[in-house]
Number of protein chains: 2
Amino acid sequence: MLAICTRSRYKAQAVGCVMNISENITFPEASQEDRSLAIREALRNAIIDRRLAPGTKLSESEVGALFSVSRTVARAALQMLGFEGLVRIERNRGAFVSNPSPDEARQIFASRRLIEPGIIAAAVERITAADIKQFRRQLEEEQRHINERGPSARRAEIKASGDFHLMLASVAGNVILQKFMDELVGRSSLVIALYGRSGISSCGHSEHLAILDALEKGDGAQASRLMLHHIDHIEADLDLQLKQGFALKDALALT
Amino acid sequence: MLAICTRSRYKAQAVGCVMNISENITFPEASQEDRSLAIREALRNAIIDRRLAPGTKLSESEVGALFSVSRTVARAALQMLGFEGLVRIERNRGAFVSNPSPDEARQIFASRRLIEPGIIAAAVERITAADIKQFRRQLEEEQRHINERGPSARRAEIKASGDFHLMLASVAGNVILQKFMDELVGRSSLVIALYGRSGISSCGHSEHLAILDALEKGDGAQASRLMLHHIDHIEADLDLQLKQGFALKDALALT
DNA sequence: GTGCCCAAGATTGCATACGATTTGGCCAAG
DNA sequence: CTTGGCCAAATCGTATGCAATCTTGGGCAC
């Protein structure tokens, strides 16, 4: 069972799995629109927080029950997550939280190394003073989360770190690349939650600052270099070898 | 009505719109699996062939009726196309064939200019003699379609041209980039059908050959250069200005 | 004791039904 | 003749029911 699984693994915040997963959705009034989108967001957050362990089965009825919607709506949300690569959908079997292989993780970062310099190049041409201000606010927010401790802070920290890259994509003004980055950031967060070995963010944060400074100066080449290093650092903090040896046991345990 | 609309615009091949759109799906035996995928493919083909004009409404019931399935599975297919950007979905209004703006078209090609050199770089490291052989076969196929005339040949030609880029992505061995290219090729095909002014392919074909030759020699830098030129040429063949003046009328007419 | 088979339970795939929202036309007022 | 509002038809969003498929546990044969 979904509830039991997450509860047993993370007793600290186990006031009830239902509340854990759906905590962030305030269905109060306006959300008469597209509940499946809200559910997608909630599940997405739960996955990249690792509150839902890779391999966990997400049954349609269960998800539907958790959010008080029919299987139809739950199914739509799961389908969307399937497109993003955060869940794997097997016909007649159901949806499972993705368990990206080390190889896939490398491909994700290789893709980012390809795309993000392009985003920087576009962003440096279009970024405004207002944007910069917005970025600085965002980075302060990020810093705030880093100083806090506890699981929910770490969660906010990963999210904030990803948001920096998403804002960059937004400034670049290319909606297609923005969508790609959306997917890549989501998958990266999952991979970091899976294979990360430390608090990457303290170093990540200062790198974000450096990138922003370079952008402000209009030095796109420097910003690109910094971005590549940043991605390298994130990937270097991952532990992508070990699992290779445990592939068998791993598959046995939770695939 | 969907049928009437396409029939009136393309009388030449109007043996009946139903057959036109669903012609390629042979539901005979194996397709007990995921009919929505088959429908997605059929609609995708119809869209990039321009048998379905941009702005055309794709009603769930109508699509369902055409393929003899319920709205549920038709809806799933439309949702998938929405993710790919080939249709635009508006809440409580329905799904419409995308009408990408010139600006969006430029963003699509900008994305390709970013990603495809990366794919080349990865492919040149991994391509095998067998792959090369496969590519040559594919290019012969492409040539064959170019020599033929008629609407269905032009369709096969656009598809074959896109397949070259998809094969390249496949050889590169990065499933994420491969997925991105899938989307980009689909959207490019739509844009070419929309804004293309001539038979791009005759020149495109020789460029494909040149790229392959460079790859065979292991000259990734040269292959990348050729690829960028190739993309430039495709984009240069488009007529992205005119519509700007007609923006008002355009929005009025079929957005 | 081990391995295979089969039936019951659970879960997904799909179809259909019903309420909600939008649209287009009709009629009346200006 | 135009404009504004109201009503009906069409279409979407969602829930639910049924058939098909998969999983699992027990029983039987070897």
Side-chain angles (χ1 to χ4, degrees), chain A residues 1-5 22 25 27 29-43 52 55-83 87-98 251-255, chain B residues 1-5 22 25 27 29-43 52 55-83 87-98 251-255:
Chain A
M1 292 303 143
L2 194 152
I4 293 174
C5 168
S22 52
I25 336 178
F27 269 154
E29 359 74 63
S31 70
Q32 197 51 300
E33 45 150 317
D34 254 335
R35 288 176 285 176
S36 56
L37 269 190
I39 295 177
R40 165 182 165 280
E41 269 308 303
L43 288 178
L52 286 173
T56 305
K57 169 155 192 176
L58 301 173
S59 124
E60 295 178 358
S61 352
E62 220 163 349
V63 172
L66 282 176
F67 295 98
S68 315
V69 296
S70 77
R71 280 180 46 218
T72 309
V73 176
R75 186 184 181 78
L78 291 173
Q79 214 93 34
M80 289 193 276
L81 290 168
F83 276 113
V87 312
R88 182 171 29 91
I89 293 178
E90 299 177 21
R91 177 169 182 97
N92 277 323
R93 301 232 20 248
F96 304 83
V97 178
S98 281
L252 204 61
L254 35 77
T255 294
Chain B
M1 291 298 145
L2 195 149
I4 291 172
C5 167
S22 53
I25 336 179
F27 268 156
E29 359 77 61
S31 71
Q32 197 51 298
E33 45 152 313
D34 254 332
R35 288 175 283 175
S36 57
L37 270 189
I39 295 177
R40 165 181 164 278
E41 270 306 304
L43 287 178
L52 286 173
T56 305
K57 168 153 192 180
L58 302 173
S59 127
E60 295 178 356
S61 353
E62 220 163 350
V63 173
L66 282 176
F67 294 98
S68 315
V69 295
S70 77
R71 278 181 48 213
T72 309
V73 30
R75 184 185 182 78
L78 291 173
Q79 213 91 32
M80 288 192 277
L81 291 169
F83 276 112
V87 313
R88 182 172 30 90
I89 293 178
E90 300 177 20
R91 179 169 178 98
N92 276 323
R93 300 231 23 248
F96 304 82
V97 178
S98 280
L252 204 61
L254 35 77
T255 294

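Residue numbers begin at 1 in each chain, while the letters A, B, ... track the order of the sequences. On a predicted model such as this, the values are computed, not experimentally measured, just so you know. Any value given below was found using the heavy atoms of this structure, including those in side chains, with hydrogens, waters and symmetry copies removed.
Closest approach of B:A74 and B:G64 over heavy atoms only: CB-N, 3.7 Å. Between B:F96 and B:G55, the shortest heavy-atom distance links the atoms CD2-O, 3.6 Å. Of all heavy-atom pairs spanning A:A95 and A:I89, the tightest one is CB-CG1, 4.1 Å.
Taking only side-chain atoms of B:R91, from C-beta outward, the nucleotide of C:dA15, D:dT14, D:dT11 with the closest atom is D:dT14. Taking the side chain of B:S59 as heavy atoms from C-beta on, and the options D:dT14, C:dT12, D:dC12, the nearest nucleotide is D:dC12.
Across the interface with DNA chain C, nearest-nucleotide mapping of A:T72 and A:G94 shows A:G94 to be the residue nearer the 5′ end. Where B:R75 and A:R71 meet DNA chain D, the nucleotide closest to each residue was compared, and B:R75 sits on the side nearer the 5' end.
Distance CZ (B:R93) to P (D:dC12): 10 Å, rounded to an integer number of Å. Between B:E90 atom CD and C:dT21 atom C1' there is a gap of 14 Å when expressed in whole angstrom units. One interatomic measurement links the two molecules: CD of B:E60 to P of C:dT21, which rounds to 16 Å at whole-angstrom precision. For the pair B:L37 CG and C:dC14 P, the computed distance is 10 Å after rounding to whole Å. When rounded to the nearest whole Å, the span between CD of A:E62 and P of C:dA10 equals 13 Å. Residue B:N92 contributes atom CG, which lies 5 Å from atom C1' of C:dT21 at whole-angstrom precision. In this structure, the CD1 atom of A:I89 is 17 Å from the P atom of C:dT11, given to the nearest Å.
Within the 4.5 Å cutoff, the side chain of A:I39 has no heavy atoms near those of the A:M80 side chain. Two residues are said to be in side-chain contact when any heavy atoms from C-beta on lie closer than 4.5 Å; A:L78 and A:L43 meet this criterion.
Applying the 3.5 Å distance criterion, the base of C:dT12 shares no donor-acceptor pair with the side chain of A:S61.
Phosphate proximity of D:dT14 to A:S70: absent, as no side-chain N or O sits under 4.0 Å from OP1 or OP2. Between A:R35 and the phosphate of D:dT14, there is a side-chain N or O to OP1/OP2 separation shorter than 4.0 Å.
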